[in-house]
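Just so it is clear: chains get the letters A, B, ... in the order the sequence lines come, proteins before strands, and each one is counted from 1. Only a predicted model underlies this, so the values are computations on that prediction, with no experimental measurement involved.
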Amino acid sequence: MAEQNDIKVEVKNLNFYYGNYHLLKNINLYFKKDSVCTLLGPSGCGKSTFLRTLNRMNDYTEGAKLTGEVLIDGKNIYNKSLDVVELRRNIGMVFQNPNPFPKSIFDNVAFGLKIHGIKNKEFITERVEKCLKYAGLYDEVKNKLHQSAFSLSGGQQQRLCIARAIATNPSILLMDEPTAYLDPVSTSIILDLITTFKKYYTIIVASHNIQQAGKISDYSGFFLDGELIEFDEAGNFFTRPKDKRTENFITSRY
Amino acid sequence: MNVLDNEIIKLKKSVVEMGEIVNNQLNNATIFLFERDKKLAEDTIKNDHKVNLMEVSINENCIKLLALYQPEAADLMFITTSMKIITDLERMGDLCASVCQIGLKLTDGSSSSEEFKCIYSYFEDVAKRDDEMLKMAMKMYSDGVKDNIGLKDIIIKDENVIDVLSHKIVVDIINSPLNNSKALENNITYIFIARKYERFADHAQKIMELLLYMDLGKDLRNLPEF
Amino acid sequence: MAELANIKKDDDPMPVFPINRGYLKRKKFYNSIAVFFAVMAFVIGSFPVFHIIYEAVAVGYKYLNWKFVSTLPTGFPIGARGGILNAIVGDVYLIIIASILAVPMGIGTGLYLSLFGKKRTNSVLRLLNELMVGIPSVVWGIVGFYVFSTNAGLGFHFGFSALAGGLTLGFIMTPIITLLTEQAVNQIPASYIEGALAMGATKLQATKSVIIKAASGGIFTGILLGIMNIIGQTAPLLFTNYYNTGMPTGVTGPGGAVGDLAMLIFIYIHEPSKILHYKAEAASVVLLLFIFILDLGLRLINYLTKRFLL
């Protein structure tokens, strides 16, 4: 067990039901501060659902029921008094397919600031520029900031989404298979971004790509049928998995 | 600069450091032989543990790199070669330790360096060449292999010279007069030590061969023209 | 893994099956028959449309000039001289009034259905909406008359006026806009909405800043379809607005009635006068052009907003 104040997110006895389906079965794990953690597993194993329980995106799913606790910085996010907007400001999320809003590149990044009531134009301009720089996109788009975000390539769109996610200054980044639809070059750019970002953010990535997960992770977990089979430091996870099922998955034997 | 590049630089650093420690061990063992400083020998033997630990940790690290980053091409060759090199380095460290182990027998005062002046000069020569070969191997490793053709000749020549030298030592020892039974025992000890030095050179040569193999994809040992 | 290995070990070659050439030939034949029927359906379907347009232009071409659309009807019987300006102005009145009611209501209901509502309320609302689409326009007319024109219903006493007519038409327009808005919003990838919500936006903020923009194409189509629908309506107007040969002086009361192209055509064609019949034909061409221009205009607005405002 890591030191108490090193832990950013802690999940205790988490169960998630959708109608009659028991999607997540008694998940217990923790994520360390400023590290990259990848959650592996075949499609439909519950890793995306798990990610979405961390920023309460499942709130909008009808028929969903959740028991257990998710502690972020020691506070249970399923506490009734918690402000969901504030929570989501603190947690950036990047999705599987690049989903820039139908707005200009600039407005996409500024969106997060605007919805949180920031009106200072200079501040927004400066922040947008900075976020685009962080995401390694600024040089490519500095001349067309006010063009539609859809004029960008898939990889650029995904980086725009990352820039958008970090604009509100979150401390946690959730990424749901961020490279699933990208070409190899864009993929490696994004993977590099993730490894540089781990200095500033606690990053949790859901992935079914073992190779990519290995390249970025400090910690890895393996989900199967809604259960967390194994969670360990990446070095151990990828060389000597403890569970046979994990081994079968990472060696592609089914 | 991606993560694997950084990791490879780190790996290189730690292997070079391991090489330096082995080199240090070799020098210490040699100094011990000449000065008969018991403490130095004991330190050297103790230090061997450090080399062993380093081998384990570097090996572990290499496996982790292979598992996590799936390196290709040059990276793959570099990491696998490093894994083999550290095995040799570890053996070399063992050899230094055993030189000291065997050499401790000589510290009971029954032999003096005066007695085998000529043999010692050979030892000095062999030790110097061992040292040079290891240094060259580690330089090849850290700077990358350059000027392949020239290196091939040097490697072969050096190894041959050491073979010849150690053979000479053995012959000289056999031919030396025996004053008492203790002298015979000492002579056998010298032969053992000479063997260790020769083996040390063998490993250094193998490291260089591995590096050439990494670069050229050809195994020198199996090519008849060398 | 084990199963796969077993399959390989069996080494049982796939049996080769004979190709049924007769079947393939027949399939090609059926295909050409299907294409023939499709083409025929198009020809049969579109022929009357083109023929009607042709007839209308052929009969009414004499009156298709600027004067016809820019002057009020005069003479005896009224309309024998002059143009149809009253009807064009009246249509604009009606469209504006109907839109003021129907656009916010339709979009609002559509957004509620696709984003906010619960499953059960949604199914009820959807049923009601479809019912509203299906209500015959005559029924709308009677209801409009009862509610807006007389003081019998809710106490509105707008008389035969643009307001009563426009509002009635607005209620016809609303369910169409609702239907298309809901469809358009449902077609937006869920990731847009999720993306906005994950940034910490409330549902309202997400709707305002992302969803409406993404669905604007569909919503515009809904508005357009609604307008096209009401512009051709006569039945509801019979009871709520009827017709005015001059310009309206207000939107309610005695002076509030407006002219309307569809009503104009309806009335002119009933008059025992050749000139008025010709003018009715010409007016239908103008109505077609009116819809055409409206369509182009709204599409242009939609394109421009997408292109430049985003």
Review point. Is the OH atom of Tyr78(A) crowded by more than 12 outside heavy atoms at less than 6.0 Å?
Key: yes
Review point. Is the number of heavy atoms from other residues, nucleotides or ligands within 6.0 Å of OH (Tyr21(A)) greater than 12?
Key: no
Review point. More than 12 heavy atoms of other residues, nucleotides or ligands under 6.0 Å from NZ of Lys144(A): is that the case?
Key: yes
Check your understanding: Is atom CD1 of Ile19(C) surrounded by more than 12 heavy atoms (other residues, nucleotides or ligands) closer than 6.0 Å?
Key -> no
Review point. Which distance, rounded to the nearest 0.5 Å, do you find between the CG of Leu204(C) and the CD1 of Ile115(A)?
Key: 11.5 Å
Revision key, fill the gap. Closest non-hydrogen contact found for Asn99(A) with Ser191(C) is ND2-O, 2.6 Å
Review point. By a 4.5 Å heavy-atom criterion (distance strictly below it), what part of Pro100(A) contacts chain C: side chain, backbone, both, or neither?
Key: backbone
Point to revise | Heavy-atom closest pair, residues Pro102(A) and Tyr192(C) | key: CD-CE2, 3.9 Å
Practice item. Can you establish whether the number of heavy atoms outside Gln211(A) located under 6.0 Å from its atom CD is more than 12? Key: yes
Review point. Given Arg88(A) and Met199(C), is the side chain to side chain contact (heavy atoms under 4.5 Å, CB included) satisfied, shown in steps?
Key: CA-CA 6 Å; Arg88(A) 298 216 179 107; Met199(C) 302 282 305; over 6 Å; no
**Study point:** Minimum heavy-atom distance between Gly200(C) and His116(A), given as atom pair plus value
**Key:** O-NE2, 4.1 Å
**Study point:** Proximity breakdown for Arg56(A) and chain C, heavy-atom pairs closer than 4.5 Å
**Key:** neither
Exercise for review: Tell me, for Leu87(A) versus chain C, whether the close heavy atoms (under 4.5 Å) come from the side chain, the backbone, both or neither.
Suggested key: neither
Review point. From Phe95(A) CZ over to Glu194(C) CD, what is the distance, rounded to the nearest 0.5 angstrom?
Key: 5.0 Å
**Study point:** Contact class of Lys208(C) relative to chain A, heavy atoms under 4.5 angstrom
**Key:** neither
Review point. What is the distance from atom OG of Ser209(C) to atom CZ of Phe111(A), rounded to the nearest 0.5 Å?
Key: 3.5 Å
Exercise for review: For atom NZ of Lys203(C), decide whether the heavy atoms of other residues, nucleotides or ligands shown that lie under 6.0 angstrom number more than 12.
Suggested key: yes
